[in-house]
Each structure stands twice: as C-alpha cells, then as structure tokens.
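Atoms considered below: every heavy atom in the structure, side chains included; atoms not considered: hydrogens, waters and symmetry mates.
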Amino acid sequence: MDRQEMKDTDGSTPRVELTPAAARLVRRLRELHGPLMFHQSGGCCDGSAPMCFPDGDFRTGDSDVCLASLTVDGVAEPVAFWMSKSQYEVWSHTRLIVDVVPGRGSGFSLEAPEGVRFLIRSRLAGT
C-alpha cells in the first residue's frame, strides 16, 4: 500500500502524508474513537510529536493552521492535520510524513495505549 497523501490543490507534493503503518493505525483508532484529527505538538514535554485526538477534542483557533485534510482508505471522513502558525513558520518548507514506531510517547494522543507512537519524518518540500 502506498502512502496515504493529499496533494495540494495545484497538484504539487502533499504537505502531510501517512506511511502505510500510520494509515493502518488511523483506521484502528477511527474504529475505536470515531472521527479523528491531528495536531502537531511543538512542546518540550511531548517531543514535537503529532498528537491524535477525537475530532474536535483539541481546540484549535486563530493561532493554528490546518495543513491538510488527509484521505485515508477505510476512513469515512478526512482527518484534519493542524499545527500552530508559529511552528508552521519554521516548518513551512517541510513535507511532513506521519509514521508509527514502537514505544509510548508522552502526552494524551490516542495511540498511547496501543504501545506505539506517532512521529514525524520530514523532507524538504518538493523532494
């Protein structure tokens, strides 16, 4: 299975994509918790990890930007991926690849009880 990705409206490289392992985990979490969302954490405690929440449980506002609405095979609705505007200014030239690795991250992300954690792998946009 290829990465689950959303092309930008101009057809260019996606800003955010999921590895096959991350897509499988998103499908499982969707079955357990309903519609989902991500917020890319920028804090020291959670190690700048993508945090997964039931859609709407993490309150976004004027200080956040939605980078993507990810289409995941087997998930009925898009999964929004958010980041703070200040963090986006630093990462604006970066393509974010959401992956999964064994181990528990800190924080309140939905995957914590599964014994795995989401993490970001990145590339410069256009690569």
Side-chain angles (χ1 to χ4, degrees):
M1 178 189 293
D2 294 330
R3 286 191 176 122
Q4 301 288 310
E5 59 186 51
M6 175 131 190
K7 297 269 185 204
D8 289 342
T9 55
D10 64 0
S12 64
T13 302
R15 184 68 68 192
V16 180
E17 59 188 282
L18 301 173
T19 64
R24 283 191 299 275
L25 182 55
V26 165
R27 281 190 289 278
R28 175 164 167 67
L29 295 174
R30 170 58 175 90
E31 289 174 12
L32 295 170
H33 303 284
L36 304 171
M37 67 179 289
F38 280 98
H39 192 278
Q40 174 64 35
S41 171
C44 62
C45 303
D46 42 32
S48 190
M51 306 288 282
C52 186
F53 301 98
D55 190 29
D57 272 16
F58 185 94
R59 294 183 62 176
T60 57
D62 291 341
S63 64
D64 298 295
V65 60
C66 185
L67 299 182
S69 291
L70 300 167
T71 301
V72 180
D73 291 339
V75 174
E77 61 285 316
V79 179
F81 191 98
W82 293 85
M83 177 184 283
S84 72
K85 284 182 182 178
S86 61
Q87 187 174 8
Y88 177 70
E89 289 174 13
V90 176
W91 290 31
S92 63
H93 301 292
T94 305
R95 184 169 100 195
L96 306 177
I97 303 163
V98 181
D99 201 358
V100 176
V101 294
R104 289 188 62 154
S106 59
F108 300 101
S109 193
L110 290 175
E111 80 281 2
E114 304 290 319
V116 295
R117 64 185 180 95
F118 288 112
L119 66 82
I120 288 293
R121 300 184 190 282
S122 62
R123 293 191 180 131
L124 289 176
T127 63

CZ of F108 to CE of M51, rounded to nearest 0.5 Å, is 7.5 Å
Reported OG-to-NZ distance for the pair S92 and K85, which is rounded to 0.5 angstrom: 14.0 Å
For [X], enumerate each residue passing the side chain to side chain contact (heavy atoms under 4.5 Å, CB included) test, keeping only those at least two apart in sequence or located in another chain.
{"X": "V116", "value": "L25, V100, E111, E114"}
{"X": "A80", "value": "C66, W82"}
{"X": "R121", "value": "I97, D99, V101, L119"}

Taking the side chain as C-beta and beyond, is there a heavy-atom pair between I120 and W91 under 4.5 Å? yes
Any side-chain heavy atom of F118 sitting closer than 4.5 Å to one from L18?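 Side-chain contact under 4.5 Å: no.
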Any pair counted as salt bridge (Lys or Arg N to Asp or Glu O under 4.0 Å), so long as it reaches residues 30-42, sequence neighbours left out: R30-E77
Counting only N and O atoms by type, is there a donor-acceptor contact under 3.5 Å from the side chain of R24 to the main-chain atoms of T19? no
Solution key, residues 53-63 side-chain donor-acceptor pairs under 3.5 Å, sequence neighbours excluded:
none

Looking at every non-hydrogen atom in both residues, tell me the closest pair between P78 and S69 and how far apart they are.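 The answer is CB-CB, 3.9 Å.
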Least distance between heavy atoms, L29 atom then C52 atom: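 What the structure gives for the nearest pair is CD1-SG, 4.1 Å.
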Show me the side-chain donor-acceptor pairs of residues 32-39 shorter than 3.5 Å, one per line, residues at least two apart or across chains.
{"unit_1": "H39", "atom_1": "NE2", "unit_2": "D64", "atom_2": "OD1", "d": "2.8"}

Could you give me the CA-CA distance, side-chain angles and deciding distance for M83 and L96, then say whether side-chain contact (heavy atoms from CB on, under 4.5 Å) is met? CA-CA 11 Å; M83 177 184 283; L96 306 177; 3.6 Å; yes
